[in-house]
Structure formats: C-alpha cells, structure tokens
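In what follows, a single structure is set out as structure tokens and then discussed.
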There are 2 protein chains.
Amino acid sequence: MNKNNVNKSVTMRDVADHVGVSVATVSRTLRNPEVVSPAVRDKIAAAIESLGYLPDPAARALASTRSDIIGVILPSVSNNVFADVMDGIYSAVEGTHHSVQLGYSRYAPLSEENLIRVFLRQRPAGLIVAGIDQTEAAQALLREAGCPVVQIMETGSTPYDRMIGFSHYDAARAATAHLIAQGYRRPGFLGARMDPRTQRRLHGFRDELRAHGIEEGKRIQTTTRPSSVTLGSHLLAQLMDLAPETDAIFCINDDLALGAMFEAQRRNLRIPDDLGICGFNDMEMMAAAEPSISSVRTFRREMGEGAVQLILDALSGSATQEKIVDLGFQVIQRRSTRGH
Amino acid sequence: MNKNNVNKSVTMRDVADHVGVSVATVSRTLRNPEVVSPAVRDKIAAAIESLGYLPDPAARALASTRSDIIGVILPSVSNNVFADVMDGIYSAVEGTHHSVQLGYSRYAPLSEENLIRVFLRQRPAGLIVAGIDQTEAAQALLREAGCPVVQIMETGSTPYDRMIGFSHYDAARAATAHLIAQGYRRPGFLGARMDPRTQRRLHGFRDELRAHGIEEGKRIQTTTRPSSVTLGSHLLAQLMDLAPETDAIFCINDDLALGAMFEAQRRNLRIPDDLGICGFNDMEMMAAAEPSISSVRTFRREMGEGAVQLILDALSGSATQEKIVDLGFQVIQRRSTRGH
DNA sequence: AGGCGTAATGTAAGCGGTTACATTCGTCAA
DNA sequence: TTGACGAATGTAACCGCTTACATTACGCCT
C-alpha cells in the first residue's frame with residue numbers, strides 16, 4: 001500500500017528484516033519461488049507489497065551478469081514503419097520482467113556497430129537489430145553475442161541467430177506483377193533513401209519487368225534523401241517530365257505514394273486510368289485516401305511481437321528449430337490500381 | 001584497436017593492471033580527469049582504447065547511486081507526434097554519456113504512475129514526462145524525484161520541476177480565430193482520443209466561438225477512439241450529416257484533417273469554398289496535400305531537444321531560473337483555408 | 001635540515017542484489 | 001531412539017565500479 005517510498009529506496013534487506021529471513025531467501029522467492037516454503041513465500045510477498053519494494057535493476061544485472069534489457073537497434077526514430085514495430089515490441093514485453101532499450105543508427109552502419117557494442121556491454125537478455133546489412137565487425141559481435149539475437153524486417157539466408165521478416169525482393173516483384181496484371185505496360189519506380197533494403201526492392205521491380213520483357217526506360221526515379229510526402233510529389237514530377245509515357249508507379253513506401261498521388265491530381269492525371277499507383281507497407285491512410293491507394297501490406301507489429309517472442313523462447317529454452325520466420329506480405333488492391 | 005572482446009568483458013581492473021595503477025585511478029580519469037596527472041591520464045586513455053574497454057553501466061549505477069539513464073514516459077508509440085519528440089530527444093542525448101529509457105503509458109494514468117515508479121527505481125539522471133495530467137501519487141513521486149524532471153508537450157502553471165511546451169488552449173483558439181477571420185461562420189470540431197490534452201483544445205475552440213458570438217450547434221464531433229485518417233473521414237461524414245451547415249472544421253490533429261479532406265472530396269465538397277479545413281501539428285504531409293492543408297505548427301523536435309537540454313543543465317548546475325519554456329505555435333495558412 | 005602543505009595515487013568499504021556452499025531442521029526407516 | 005537424508009534457510013563471496021579516507025612523494029619555507 002504504502003508505495004511512496006521509492007526515494008527512500010526500499011531494498012531487499014528491508015524486506016528480509018521485515019519478515020525475519022535472510023536476503024537470500026527473499027532473492028530466491030523472487031527468482032525461483034518453488035524452492036522456498038509456501039508460508040515464507042507468502043509472508044515475503046506481503047512484505048514486498050506493503051513496503052513497496054522494487055528490485056534495483058542495476059544491482060540485479062551486476063550480480064547475475066545478465067540484465068533484463070532487450071536491446072533494439074533501428075535505423076530511424078521518425079519513420080512510422082518502425083513505430084509500428086516498436087508498438088509490437090513494447091506490447092510483447094509488457095507483463096514480462098524485461099525492459100526495452102532503444103538505439104537509433106540513423107541508417108549509418110558504423111553507428112549501428114557502435115550501438116551493438118554499447119548494448120552488448122550491458123549483457124542484454126536479447127538483441128533485436130534491423131536488417132542484414134551490418135558491418136563485418138558488427139556481424140562478428142552479433143554471432144557471439146552471448147544472448148539471443150533477432151534480425152527483423154527482412155529474411156535472408158544466413159541469420160546470425162534468428163530472423164523474422166519478409167523478402168523485400170519478392171514483395172516488390174509481387175507489387176510490380178500486380179501493376180502489370182492490371183494492364184499497365186510502362187510502370188515506373190519511385191524510391192527515396194536508397195539503402196540496401198530499398199535496393200532489394202528495386203531489384204525485384206527490375207527483375208519482374210524483365211520477366212515480362214518490359215523496358216524500364218527512364219522510369220526509375222530515386223534519391224538518397226529521406227522519404228517524405230513532399231518528396232513523393234517531387235519524384236513524380238521528375239518522372240513525368242522525363243518519361244511521360246509512364247502509366248503506373250510502384251513507390252518504395254506509402255509516403256511517396258501519397259505525395260505522388262497529390263502531384264498526379266495537381267497535374268490532372270486521372271487515377272487509376274492515366275496513372276496507377278502502388279505504395280509499400282500499407283499504412284492506415286492508404287485505405288482512407290481518395291482514391292484509395294493500393295499497397296503491399298507488411299506485418300510490422302507482428303514482426304516486433306514475434307521478435308520479442310523469439311527472444312523469450314530462446315531464454316526459456318523453448319525455442320523451436322526454425323531459425324527464420326517469414327511473415328510474408330500481401331498485395332492489397334485498391335482503386336488506385338483499378339481495384340474495388 | 002582490438003575492440004572485439006566485448007564478450008570477454010574487459011573491466012576496469014584489466015585497464016588498471018595494463019597500466020600499472022589502481023582501479024581507483026582509472027575510475028578517476030573517467031569521472032574527473034583533472035585530478036589525475038596528465039602522464040597517467042594519457043597512458044590510461046591509451047589502454048582503454050587498445051583494450052576496447054567499455055564501462056559497465058550497471059556497476060556504475062550501483063556504485064554511484066545514480067544512473068546515466070534519462071527516462072522518458074510518453075502516452076503512445078505509434079503517434080508520430082511523439083516520434084518527432086523522440087527524434088529531438090535522441091539527437092540531444094547523442095554525444096553525451098547518457099542513455100534513454102522509454103516507457104509507454106498507453107494514455108493510462110495508472111500505467112504512467114507505475115512507469116514512473118519503475119523508472120525512479122533506477123535513480124535516473126532525469127525524467128521526461130508528457131503533459132500535466134498525472135495521478136496524485138505520480139505527482140508526489142515526481143515532486144520528490146531526486147532528479148531533474150521535465151514535463152513536455154504542454155505549459156501549465158505548476159510544473160513539478162521544469163516544463164517545456166505550449167498552450168493547447170491558446171493554439172486551438174488561434175486556429176479557430178483563423179477560421180473565423182477567413183470568413184467561416186459555422187466552424188465545426190473534429191476530435192479523437194479525447195484525453196485531457198485534447199479537451200483543452202476543445203475548450204479553446206469553444207471559447208473562441210463564444211467570443212465571436214457563434215453558436216456551436218451540433219458541430220462538435222468527438223470520439224474516444226484513437227485517431228486515424230479513416231476516423232477523420234468518418235467524423236466528417238457524421239458531422240456533415242448532423243450539421244450540414246458546417247462551413248469549416250478544426251481538427252484535433254493532422255490525421256483527422258487528412259481523412260476529413262478525403263471525405264470532403266468524396267462528397268464533392270469544394271475545399272476551401274464549401275469547407276475550410278485546419279489541422280493540428282503541421283506534419284510534413286500537410287504542405288504536400290492537394291489542396292495543401294492549413295495547420296497549427298508545433299515544435300515537437302525542439303521540445304524533445306529542449307527537454308534534454310533542461311536536464312543536462314540542471315545536472316551541470318547551469319540551470320536558468322525559468323521554470324517554464326513556452327515554445328509557442330504558429331498557425332500556418334494554406335489553401336484549405338483560402339491561403340496562398 | 002626538519003616540518004609542512006599539496007598533489008597524486010592507493011586502499012578498502014560499500015552499492016543491492018545472486019548464488020555456491022554450509023547449516024539447520026524435521027521426517028522417516030531401522 | 002537414533003541416524004540419514006532431503007528440504008528450507010542462512011552465510012558470505014562476488015559482480016564492476018565509485019569514493020571517502022589514508023598514504024606517499026615531493027617541493028618549499030624557515
């Protein structure tokens with residue numbers, strides 16, 4: 001009840017004294033209750049409650065050479081794709097005794113490597129990293145991290161430990177195939193922040209075009225600048241100026257797609273007849289847009305949840321054999337590509 | 001150079017032995033270099049580098065009864081308003097020896113209270129919490145947190161410690177005044193997730209209407225459901241069905257505004273003539289939309305950066321007298337309210 | 001030359017838990 | 001009744017660092 005003495009720092013010692021046992025017994029009822037007698041266990045639980053005891057994570061980490069922290073290293077704070085992943089991660093961590101420590105690499109491999117080192121120093125319970133494009137040194141660190149490591153966002157053939165995501169290459173091919181199936185013959189490509197992950201999407205796009213014997217012409221517009229809706233507008237403008245024959249576009253993400261749609265409207269291009277649009281990720285707004293915009297749905301929240309679950313399973317020894325979890329994707333057709 | 005022995009755990013002991021000094025000296029050169037002789041200091045620095053030593057944060061926290069953690073408690077992961085704040089926070093923390101620990105209350109005051117307790121247990125370097133609507137117990141905890149506490153997102157009269165944000169009430173009044181100044185006489189209000197913060201925006205809206213002698217009629221549509229673009233469409237549909245006289249709307253945030261715009265387009269309402277639209281926050285997409293959408297710009301990144309800075313200042317004793325930093329806001333007129 | 005002050009470093013006691021090992025206690029078989 | 005054994009609990013070392021205090025070394029003054 002009297003939980004307000006956080007500042008006075010109720011320690012395990014206090015709990016032990018209050019009950020009349022040793023701190024070891026208190027520690028045991030917290031870590032493996034089954035070895036302490038029910039009577040004592042109950043008294044200790046009551047004391048913990050009434051004193052408002054909360055364990056000190058630093059002390060615990062120091063003594064057990066293992067912290068409760070699950071480290072998460074992502075490229076970007078503000079990209080809402082990662083916000084969804086984080087949502088999944090936090091909700092999966094909730095109710096466990098773990099806590100999350102977040103680091104942002106800002107799409108810089110060296111910065112990521114450094115974060116890995118710093119995180120590893122805390123002997124984390126597990127580590128979640130995005131993608132498969134780590135530096136050599138980072139790869140080495142992750143391979144012998146001494147804790148479960150989960151790569152998210154992508155699948156690939158050689159996980160350091162475990163992996164949960166989907167194939168960006170396949171997803172891009174499927175989206176492109178969709179455009180072609182809808183009768184578009186001159187599809188273009190809009191890409192921003194062309195990191196390795198988005199490059200794989202570009203490969204998928206190109207390969208699918210090639211498979212259909214379609215020339216790409218000048219219809220691939222990319223930039224290294226970070227993605228935004230405004231940028232989507234700019235890229236479409238560029239594209240239409242350079243390659244007016246373009247009859248559809250596959251956008252690397254939904255922000256670009258939305259911006260492209262606005263720009264198309266400004267140019268009085270009719271969607272989907274003059275221009276088909278397909279985004280990537282299927283953020284919530286795509287369904288609400290006018291016209292609604294087709295996109296490739298990805299399972300971001302599930303990725304976050306799944307990653308945490310993989311770690312918890314590994315920790316509890318109940319891990320499965322599967323090293324790679326492929327969550328797949330789903331091309332969602334809407335009005336922007338002649339849907340509905 | 002040989003930085004790869006993270007797993008072998010290079011400790012301060014190793015560094016000390018390598019140089020031939022005591023661990024105390026190593027600790028000192030890390031915490032207050034000025035008390036150790038330059039010669040020794042350099043040798044230690046070299047050893048740290050060559051052994052790849054990284055301090056153990058748990059041990060440090062335990063020994064110094066003060067961790068390097070800046071705790072941040074926000075209501076939501078996925079709301080991109082907070083993503084911008086986080087961006088500011090992380091960029092301000094970068095380069096310091098602090099780290100960020102994030103907690104999400106999911107808009108539940110009790111959950112927030114609990115997070116505060118847990119965070120305080122780690123004796124954080126500082127604490128950042130959102131808003132001013134804490135439970136009684138949480139308030140008490142924050143008042144005697146024993147570390148700098150910064151409330152962000154809002155200003156109010158009684159900070160627990162320090163505060164950086166703006167007045168939601170004033171911002172809403174200004175937006176409403178803008179609509180009225182643009183000639184709209186029957187403005188409506190769209191709100192989702194009506195928590196105390198958005199309630200204050202509603203008050204501002206109402207008071208401004210009253211100041212102009214305008215009846216609000218049935219033009220206030222709110223819901224407790226979380227905000228989304230789709231919801232913006234629904235709310236506008238409801239609003240226009242119930243109060244067809246509505247000639248403008250002030251939306252609690254930009255997602256709603258965007259959804260409302262799409263719905264207006266579906267209903268063939270001309271923007272800005274049949275319907276004026278003003279959003280809130282001025283996310284990037286508002287400028288790119290077709291038509292571009294007016295909004296109230298808020299300084300979210302600056303809020304995050306500023307909050308961290310306030311903590312760092314307090315920690316270094318260089319804090320100013322000002323307890324409250326008002327970052328203000330800015331009504332940005334665009335085509336959706338007859339701008340440009 | 002002896003004494004003293006100061007700067008630089010060392011010593012050792014924690015910080016709050018965990019855990020291997022020791023001890024105690026009750027129970028049951030002989 | 002006694003000894004053995006397992007369950008429950010206690011003892012104490014230790015995790016890696018910080019820091020108050022003790023010690024040493026050195027230069028300077030009288």
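The analysis underlying the following values was restricted to heavy atoms, covering all of them including side chains, and did not include hydrogens, waters or symmetry mates. In the text below, chain A, chain B and the rest are named by the order of the sequence lines, each starting its count at 1. This structure is a prediction, so every number in the text was calculated from the model and none was measured.
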Practice problem: Go along nucleotides 4-18 of chain C 5' to 3' and tag each nucleotide: B for a protein heavy atom under 4.0 Å from its base, S when only backbone or sugar atoms are that close, - otherwise. | Solution: ----SBBB--BBBBB
Self-check item: Reported CD-to-CE distance for the pair A:Glu305 and A:Met303, which is rounded to 0.5 angstrom
Solution: 11.5 Å
Self-check item: Whole-Å gap separating P (D:dG16) and CZ (A:Arg66)
Solution: 13 Å
Practice problem: Could you tell me whether B:Asp17 and B:Arg13 have a side-chain N and a carboxylate O separated by less than 4.0 Å? | Solution: yes
Atom pairs and distances, side-chain donor-acceptor, residues 146-154 of chain B, under 3.5 Å, sequence neighbours left out:
unit_1: B:Gln151; atom_1: OE1; unit_2: B:Tyr160; atom_2: N; d: 3.0
unit_1: B:Gln151; atom_1: NE2; unit_2: B:Gly131; atom_2: O; d: 3.1
unit_1: B:Glu154; atom_1: OE1; unit_2: B:Arg200; atom_2: NE; d: 2.9
unit_1: B:Glu154; atom_1: OE1; unit_2: B:Arg200; atom_2: NH2; d: 3.3
unit_1: B:Glu154; atom_1: OE2; unit_2: B:Arg200; atom_2: NH2; d: 2.6

Quiz prompt | Any donor-acceptor pair under 3.5 Å from B:Tyr53 side chain to B:Asp14 backbone | solution = no
Quiz item: How long is the span from the CG atom in B:Asp84 to the OG atom in A:Ser78, to the nearest 0.5 Å?
Solution: 6.5 Å
